[in-house]
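These figures come from a predicted structure and were not determined experimentally.
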Amino acid sequence: VQLQASGGGLVQAGGSLRLSCAASGHTFSTYTTGWFRQAPGKEREFVAARRWSFGSPYYADSVKGRFTISRDNSRKTVYLQMNSLEPEDTAVYFCAATARGLITTTIKLPDEYDSWGQGTQVTVSS
C-alpha cells in the first residue's frame with residue numbers, strides 16, 4: 001500500500017490541526033495504521049495507532065487526551081486530529097501501515113510497519 005500524508009502547517013500553541021493519510025491499495029481496510037513523528041535531532045517516536053477491526057486505539061502518553069486517530073475505510077484515509085497543540089509537538093509527522101497482526105507490545109514500534117508516507121511538517125509556535 002502507498003501512503004500520502006497531508007495537513008501539516010504552522011499553528012499557535014493551543015490550536016488544532018487535522019492530518020490526513022490517503023492510501024492506495026485494495027486491502028487497506030485490513031491494515032493496521034499508525035502515526036509517528038520525528039523532531040530534529042531525535043528518533044522517530046510513536047504517536048497513535050489502531051488496528052483495522054477490533055480494539056481501542058493506542059496513544060503515546062504525551063498526546064493522550066489531545067490527539068485522536070480515526071479512519072474511513074471507504075475513503076482509504078486515516079486521520080490524526082490534534083487539539084491543544086504544544087510547541088513540543090513540533091515535528092515531521094509520518095503515517096504508516098502494515099498488514100501484520102500487531103499486538104500491544106509491537107504496535108508502537110516503527111520497524112513493524114511496512115509502508116510509510118512522505119511526512120508532513122507540523123510547527124507549533126509559543
Side-chain angles (χ1 to χ4, degrees):
V1 65
Q2 293 184 325
L3 305 174
Q4 178 87 22
S6 62
L10 173 64
V11 64
Q12 288 188 331
S16 298
L17 282 174
R18 188 177 80 158
L19 305 183
S20 299
C21 178
S24 62
H26 297 295
T27 58
F28 173 73
S29 61
T30 64
Y31 276 56
T32 293
T33 52
W35 287 95
F36 293 79
R37 66 188 182 186
Q38 188 166 16
K42 295 187 176 181
E43 293 186 352
R44 191 167 298 189
E45 66 173 1
F46 169 78
V47 176
R50 71 179 307 153
R51 298 189 188 91
W52 69 278
S53 65
F54 66 95
S56 300
Y58 295 81
Y59 296 98
D61 289 342
S62 59
V63 307
K64 203 170 293 183
R66 301 187 297 122
F67 291 12
T68 302
I69 185 172
S70 62
R71 55 190 290 166
D72 183 340
N73 288 334
S74 66
R75 296 179 181 268
K76 296 183 181 179
T77 303
V78 181
Y79 303 98
L80 184 68
Q81 178 67 43
M82 305 186 295
N83 299 328
S84 301
L85 282 161
E86 303 168 352
E88 292 74 22
D89 296 317
T90 295
V92 178
Y93 283 70
F94 299 88
C95 58
T98 181
R100 303 181 190 181
L102 302 184
I103 59 176
T104 302
T105 54
T106 57
I107 201 167
K108 300 179 181 181
L109 302 179
D111 289 346
E112 295 294 328
Y113 291 79
D114 306 306
S115 301
W116 290 84
Q118 83 285 7
T120 184
Q121 176 70 47
V122 172
T123 302
V124 184
S125 62
S126 57

| query | How far does SG of Cys21 sit from CG of Leu3, to the nearest 0.5 angstrom? | reply | 4.0 Å
| Between Arg51 and Ile107, is any pair of side-chain heavy atoms under 4.5 Å apart? | yes
| said: Against Met82, only a single residue in Val124, Asp89, Val122 fulfils side chain to side chain contact (heavy atoms under 4.5 Å, CB included); can you say which? | reply: Val122
| request: Find the distance between OG1 (Thr106) and CG (Asp111) and round it off to the nearest 0.5 Å. | output: 11.5 Å
| query | What pairs with Asp61 under side-chain hydrogen bond (donor to acceptor under 3.5 Å, both in side chains), at least two apart in sequence or on another chain? | reply | Lys64
| Thr123: what forms a side-chain hydrogen bond (donor to acceptor under 3.5 Å, both in side chains) with it, not counting sequence neighbours? | Gln121
| field | Backbone of Ala5 reached by a side-chain donor or acceptor of Thr120 within 3.5 Å | value | no
| Do the non-hydrogen side-chain atoms of Tyr59 and Ile69 ever get within less than 4.5 Å of each other? | yes
| Ala97 to Tyr31 - nearest heavy-atom pair and separation | CB-CD2, 3.8 Å
| query | Can you tell if the side chain of Cys95 reaches within under 4.5 Å of the side chain of Val78, non-hydrogen atoms only? | reply | no
| task | Any pair with a residue in residues 115-126 that passes salt bridge (Lys or Arg N to Asp or Glu O under 4.0 Å), sequence neighbours left out, goes on the list, sorted by first then second residue, please. | result | none
| task | Just jot down the side chain to side chain contact (heavy atoms under 4.5 Å, CB included) partners of Ser62, sequence neighbours excluded, or say none. | result | Arg37, Ala60
| field | Heavy-atom side-chain proximity of Arg71 to Asn73 below 4.5 angstrom | value | yes
| field | Straight-line distance of Leu10 CG to Ser125 OG, nearest 0.5 Å | value | 5.0 Å
| message | Per the salt bridge (Lys or Arg N to Asp or Glu O under 4.0 Å) rule, what does the pair list look like for residues 94-103, sequence neighbours excluded? | response | Arg100-Glu112, Arg100-Asp114
| note | Those residues at least two apart in sequence (or on a different chain) that pass side chain to side chain contact (heavy atoms under 4.5 Å, CB included) with Ala22 are Thr77
Please report, to 0.1 Å, the donor-acceptor pairs under 3.5 Å made by any side chain of residues 11-18, with sequence neighbours excluded.
unit_1, atom_1, unit_2, atom_2, d
Ser16, OG, Asn83, OD1, 2.9

| What closest approach, in Å, do Ala23 and Val1 show between heavy atoms, and which atom pair accounts for it? | CB-CG2, 3.8 Å
| Within the distance-only criterion (no hydrogens, no angle test), does the side chain of Gln118 pair as donor or acceptor with the backbone N or O of Gln4 below 3.5 angstrom? | no
| ring-ring contact (aromatic ring centres under 6.0 Å, His included) partners of Phe36, counting only residues at least two apart | Phe46, Tyr113, Trp116
| Tell me the ring pair (Phe, Tyr, Trp, His ring centres under 6.0 Å) pairs involving residues 72-95, sequence neighbours left out? | none
| query | salt bridge (Lys or Arg N to Asp or Glu O under 4.0 Å) with Glu88: which residues, sequence neighbours excluded? | reply | none
| message | Restricting to side-chain hydrogen bond (donor to acceptor under 3.5 Å, both in side chains), what partner residues turn up for Ser126, sequence neighbours left out? | response | none
| query | Taking atom CD of Gln2 and atom OG of Ser24, what is their separation to the nearest 0.5 Å? | reply | 4.5 Å
| said: Going by side-chain hydrogen bond (donor to acceptor under 3.5 Å, both in side chains), name the residues that satisfy it together with Ser74, two or more places apart in sequence or in a different chain. | reply: Asp72
